[in-house]
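I have placed the structure first, in the form of structure tokens, so that the comments after it can refer back to it.
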Amino acid sequence: MTPPYQIRADYDARTIVVYQAYSPAIADAALRAGRFVAPFSFHRMTWIKPSFLWLMHRSNWARKPAQERVLAVRMTREGWEEALSQAVLTTADPAAVAQAAVHVQWDPERSSRGAALNHYSIQVGIGRNLIRTFTDDWIVSLTDLTPQVRKASTLIKTGRATKAQRLFPAERAYPMPQTLENVVPR
């Protein structure tokens, strides 16, 4: 049984993959540059999600306006853990949330069909004071997953969910350092 609050992600010894959905203009510019550049906004919080299926729910499988492109953002685990070390749960005291460089919220994980599950996925909001560090120092690579997302969506819609699952990234429990337990609700 999956614990109610657990970070599940695609990761290796050095990096972790988080997902974001963008408009074609933002995605194309970022992919050409190999990092986020204008028209990406460096003046607002950006939310990263290590759960592929949660982002598929949020972006409606890359069909929502301004979310038609899904990017896998491979970032350093050091950067991921640094962000979490500065995080405040969005359910905390409003004054603490307003001052936080990083916000964390937990939302119900989703099935491939979008149904809410009985455990939660983390979302991490990187604030504007830390966003340049995220984009310039922590990101290792960007990969366009849009064709894979569209193929998986078609397979699910045509009753071939098992075949679609083969296209999903392999996610497993992320080993949280004890110093970061503050981001996991009790």
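Note that the coordinates shown come from a computational prediction; the quantities given were computed from them, not determined experimentally. These numbers come from the heavy atoms of this one structure, side chains and all, not from hydrogens, waters or symmetry mates.
Taking both residues in full, the closest heavy atoms of A116 and R110 are given as N-NH1, 3.5 Å, listed atom of the first, atom of the second, then distance. Closest of all the heavy-atom pairs between V149 and W61 is O-CE3, 3.6 Å. Nearest heavy atom pair, residue A72 against residue V17, reads CB-CG1, 3.8 Å. The two residues V183 and V104 make their nearest non-hydrogen contact at O-CG1, 4.0 Å. In plain terms, the two heavy atoms of Y19 and P50 that are nearest each other are CE1-O, 3.5 Å. Contact detail for A29 and A38: the closest heavy-atom pair is CB-O, 3.6 Å.
Taking the charged nitrogens against the carboxylate oxygens, D12 and R74 do have a contact shorter than 4.0 Å, which makes a salt bridge. Using a cut-off of 4.0 Å between Lys/Arg side-chain N and Asp/Glu carboxylate O, R14 and E78 are scored as not salt-bridged.
In this structure, the side chains of F36 and D136 stay at 4.5 Å or more apart for every pair of heavy atoms. Between M45 and V102, the closest side-chain pair of non-hydrogen atoms is not below 4.5 Å. Side-chain contact between S153 and R150: absent, with no pair of heavy atoms (C-beta onward) separated by less than 4.5 Å. Within the 4.5 Å cutoff, the side chain of T146 has heavy atoms near those of the R69 side chain. Side chains of V18 and W80 form a contact here, defined as non-hydrogen atoms less than 4.5 Å apart. Under the 4.5 Å side-chain criterion, counting only non-hydrogen atoms from C-beta, S85 is not in contact with T179. Counting only heavy atoms from C-beta outward, the side chains of V140 and M75 never approach each other to under 4.5 Å. Counting only heavy atoms from C-beta outward, the side chains of P108 and L117 never approach each other to under 4.5 Å.
Checked against the 6.0 Å centroid threshold, F42 and F134 do not count as a close aromatic pair.
Side-chain contact annotation: Y22 with S59, donor-acceptor N/O pair under 3.5 Å absent. Side-chain contact annotation: E68 with S23, donor-acceptor N/O pair under 3.5 Å absent. In this structure, a donor-acceptor pair under 3.5 Å is present between the side chains of R160 and T158.
Here the straight-line distance linking atom CZ of R77 with atom CD of E82 works out to 15.0 Å at 0.5 Å rounding. Here the straight-line distance linking atom CZ of R58 with atom CD of Q20 works out to 12.0 Å at 0.5 Å rounding. To the nearest 0.5 angstrom, K64 atom NZ is 6.5 Å from H57 atom NE2. Interatomic distance, CD1 of I156 versus OG of S111, reported as 8.5 Å (0.5 Å rounding). M1 contributes atom CE, which lies 10.0 Å from atom NE2 of H119 (distance to the nearest 0.5 angstrom). Between atom CG of residue L53 and atom OG of residue S121 there is a gap of 8.5 Å, rounded to the nearest 0.5 Å.
Sorted by first and then second residue, the salt bridge (Lys or Arg N to Asp or Glu O under 4.0 Å) pairs with a member in residues 85-103 form an empty list; sequence neighbours excluded.
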Check against side-chain contact (heavy atoms from CB on, under 4.5 Å), I48 and V73: CA-CA 9 Å; I48 58 177; V73 179; 5.9 Å; no
Take L155 and R166 through the test side-chain contact (heavy atoms from CB on, under 4.5 Å) and record every step on the way to the result. CA-CA 11 Å; L155 289 168; R166 292 185 213 140; over 6 Å; no
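Residues W47 and L142 are members of separate hydrophobic clusters, defined by side-chain heavy-atom contacts under 4.5 angstrom among Ile, Leu, Val, Met, Phe, Trp and Tyr. Connection of V124 to W138 is established within a shared hydrophobic cluster, with ILVMFWY side chains joined at heavy-atom distances below 4.5 Å, either directly or through further cluster members. In the hydrophobic clustering of this structure, I16 groups with I122; members are Ile, Leu, Val, Met, Phe, Trp, Tyr whose side-chain heavy atoms approach within less than 4.5 Å, directly or through other members. No single ILVMFWY cluster, assembled from side-chain heavy atoms under 4.5 Å apart, contains both I139 and V37. The cluster map of Ile, Leu, Val, Met, Phe, Trp and Tyr, joined by side-chain heavy atoms under 4.5 Å apart, puts W106 and I126 in the same cluster.
A donor-acceptor pair is defined here as one N or O able to donate and one able to accept, closer than 3.5 Å; such a pair exists between the side chain of E171 and the backbone of F52. With H103 contributing its side chain and V97 its backbone, the two residues share a donor-acceptor pair below 3.5 Å.
Under the 30°/60° scheme for interplanar angles, the aromatic rings of Y120 and Y5 are found to lie parallel.
The ring pair (Phe, Tyr, Trp, His ring centres under 6.0 Å) check on W54 picks up nothing, with sequence neighbours excluded.
Geometrically, R8 does not engage Y174 in a cation-pi contact, judged by NZ or CZ lying under 6.0 Å from the ring centre and within 45° of the ring axis.
In this structure, K163 places its NZ atom where only 12 or fewer heavy-atom neighbours from other residues, nucleotides or ligands lie under 6.0 Å away. Residue R128 places its CZ atom among 12 or fewer non-hydrogen atoms of other residues, nucleotides or ligands, all under 6.0 Å distant.
With respect to L71, the side chain to side chain contact (heavy atoms under 4.5 Å, CB included) criterion is satisfied by exactly one of T143, L145, L31, I26: L31.
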